[in-house]
Amino acid sequence: MGWEFWIQIISFGVLMLFGIFVGGFVERRHFKRLAEKEALLADIVVTNLKAIPKGCVPHQCHLVMGDVTIASDYFKTFVAGIRKLVGGELRTYETLMERARRESLVRMLEQARLLGANAVLNVRFGSSSISSGRGRNRAAMVEMCAYGTAVSIPGNDSDSNESR
Amino acid sequence: MIVVNTETLPGYRINEVKGLVQGNTIRAKHVGRDMMAGLKNLVGGELKGYTELLVEARRQALERMLAQAEQLGANAVVNVRFTTSAVTQGAAELYAYGTAVVVEEE
């Protein structure tokens with residue numbers, strides 16, 4: 001048991017604590033911000049239906065997109081690594097995916113808002129992977145893209161039934 | 001050029017279908033950005049550098065698709081889809097495809 005062993009143990013402990021506290025803080029703040037933004041954008045109808053309602057303003061048809069890349073923290077990656085040994089549900093990654101989906105949706109809606117649209121049709125999600133590392137050191141990150149067609153539907157400003 | 005990911009365009013009639021148009025781009029990540037991403041993997045959170053990279057790449061794929069549609073003489077692209085695939089480690093292909101059409105206002 002040389003000093004190298006202890007340095008490894010200590011750095012592992014520091015990274016874990018860093019992951020738990022800073023990562024947890026970042027995540028809670030992100031969820032709070034997402035909730036605020038979603039409340040502001042709640043009047044835009046979001047649907048993955050393809051059909052365009054009759055009477056919407058044709059000039060407002062526009063492709064809108066929202067991209068985001070989010071990384072998991074050290075603690076969560078470690079917990080997921082342990083969980084992978086026995087299999088089952090990886091709860092720590094579920095929040096990561098949720099954050100990415102909601103953030104990309106919010107960014108897409110912000111773009112729609114800028115265009116003055118009040119509905120987004122045919123919303124789709126896509127993800128890609130450019131993460132580095134291999135094996136155990138593979139970084140856990142997710143790249144999410146939401147896209148849809150922003151339209152304006154007259155007379156649908158107040159009584160919009162949100163379908164998310 | 002009108003770009004939508006729905007199958008029809010409200011207020012317009014599709015007169016002619018020009019066919020499938022596509023655009024792709026393969027991007028590898030930036031070394032400096034990658035180092036920052038490595039740090040971010042400890043605390044979690046958004047990787048702004050990667051987000052920018054992907055936004056830029058998707059836009060380029062879309063632009064290449066539109067250039068092809070223009071060449072075919074179309075004035076709109078409907079039913080646009082994006083997909084990605086991993087070519088090698090640390091690089092991603094972004095692919096946009098849709099149907100180039102000629103539309104006329106009703």
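In what follows, chains are A, B, ... by sequence order, proteins preceding strands, each numbered from 1.
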Novice: Short question: side chain of A:Y147, backbone of B:R81 - any donor-acceptor pair under 3.5 Å?
Specialist: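 It does not hold such a pair.
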Novice: Should we say atom CZ of A:F125 is surrounded by more than 12 heavy atoms from elsewhere, each under 6.0 Å from it?
Specialist: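 Atom CZ in A:F125 is crowded, with more than 12 foreign heavy atoms closer than 6.0 Å.
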Novice: So does B:Q71 have more than 12 non-hydrogen atoms from other groups sitting under 6.0 Å from CD?
Specialist: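 No, because the 6.0 Å sphere around CD of B:Q71 holds 12 heavy atoms or fewer from other groups.
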Novice: Give the cluster check for B:V17 versus B:L9: same hydrophobic cluster or not, with ILVMFWY residues linked at side-chain heavy-atom distances below 4.5 Å.
Specialist: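 Same cluster.
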Novice: At what distance, to the nearest 0.5 angstrom, does CZ of A:R124 lie from CZ of B:F82?
Specialist: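 A:R124 atom CZ to B:F82 atom CZ measures 12.0 Å (nearest 0.5 Å).
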Novice: Any donor-acceptor pair under 3.5 Å linking the side-chain atoms of A:D67 with those of B:T51?
Specialist: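 The criterion, which ignores hydrogens and geometry beyond distance, is not satisfied for A:D67 and B:T51.
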Novice: Is the number of heavy atoms from other residues, nucleotides or ligands under 6.0 Å of A:F31 CZ greater than 12?
Specialist: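 Yes, the 6.0 Å shell around CZ holds more than 12 heavy atoms from other groups.
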Novice: Donor-acceptor pair, B:N5 side chain versus A:N122 backbone, under 3.5 Å?
Specialist: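 Flag set: sc B:N5 to bb A:N122 pair under 3.5 Å.
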Novice: Using a 4.5 Å cut-off on heavy atoms from C-beta on, say whether the side chain of A:H62 contacts that of B:V4.
Specialist: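 Side chain of B:V4 against side chain of A:H62, heavy atoms only: no contact under 4.5 Å found.
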Novice: Do the side chains of B:L62 and A:L63 get nearer than 4.5 Å, heavy atoms only?
Specialist: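 In contact.
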Novice: In terms of hydrophobic clustering (I, L, V, M, F, W, Y; side-chain heavy atoms under 4.5 Å; direct or indirect links), are A:L115 and A:I44 co-clustered?
Specialist: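 Yes, same cluster.
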Novice: Measure distances from A:R99 to the heavy atoms of chain B and classify the residue's part below 4.5 Å as side chain, backbone, both or neither.
Specialist: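 For A:R99, the contact with chain B is made by the side chain alone.
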Novice: Please round to the nearest 0.5 Å and tell me the distance separating atom CD of A:E143 and atom OH of B:Y50.
Specialist: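 If we round to the nearest 0.5 Å, A:E143:CD and B:Y50:OH are 8.0 Å apart.
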Novice: Examine whether an atom of A:M65 lies under 4.5 Å from a heavy atom of chain B, and if so say whether it belongs to the side chain, the backbone or both; otherwise answer neither.
Specialist: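 Side chain only.
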Novice: Side chain from CB out, backbone as N, CA, C, O: work out which of these in B:R58 comes under 4.5 Å of a heavy atom of chain A, or both, or neither.
Specialist: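 It is the side chain, since no backbone atom gets that close.
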Novice: Which answer fits A:V26, side chain, backbone, both or neither, if we ask what part of it has an atom under 4.5 Å from a heavy atom of chain B?
Specialist: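 The answer is the side chain of A:V26.
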Novice: Is B:V78 linked to B:M65 within one hydrophobic cluster, defined over Ile, Leu, Val, Met, Phe, Trp and Tyr using a side-chain heavy-atom separation of less than 4.5 Å?
Specialist: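 Each belongs to a different hydrophobic cluster.
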Novice: Would you kindly confirm whether B:L20 and B:V77 end up in one hydrophobic cluster when ILVMFWY residues are joined by side chain heavy atoms under 4.5 Å apart?
Specialist: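 Per the 4.5 Å side-chain linkage, B:L20 and B:V77 are not co-clustered.
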Novice: Are more than 12 heavy atoms from other residues, nucleotides or ligands located less than 6.0 Å from atom CD of A:Q8?
Specialist: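 No, CD of A:Q8 has 12 or fewer neighbouring heavy atoms, counting only those of other groups under 6.0 Å.
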Novice: If I compare all heavy atoms of A:C61 with all of B:I2, which pair ends up nearest, and what's the gap?
Specialist: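 The pair with the smallest heavy-atom distance is O-CG2, 4.2 Å.
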Novice: Check this for me: B:R59, atom CZ, are more than 12 non-hydrogen atoms of other residues, nucleotides or ligands nearer than 6.0 Å?
Specialist: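 Not buried by this count: 12 neighbours or fewer within 6.0 Å.
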Novice: Report the option among A:G66, A:A100, A:G126, A:S72 that has the most heavy-atom pairs separated by less than 4.5 Å from atoms of chain B.
Specialist: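 Looking at each of A:G66, A:A100, A:G126, A:S72 in turn, A:S72 comes out on top.
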Novice: Go through B:E46 and A:R107 one step at a time and tell me if the salt bridge (charged side-chain N to carboxylate O under 4.0 Å, His left out) criterion holds.
Specialist: CA-CA 13 Å; B:E46 190 188 344; A:R107 287 183 184 184; 2.7 Å; yes
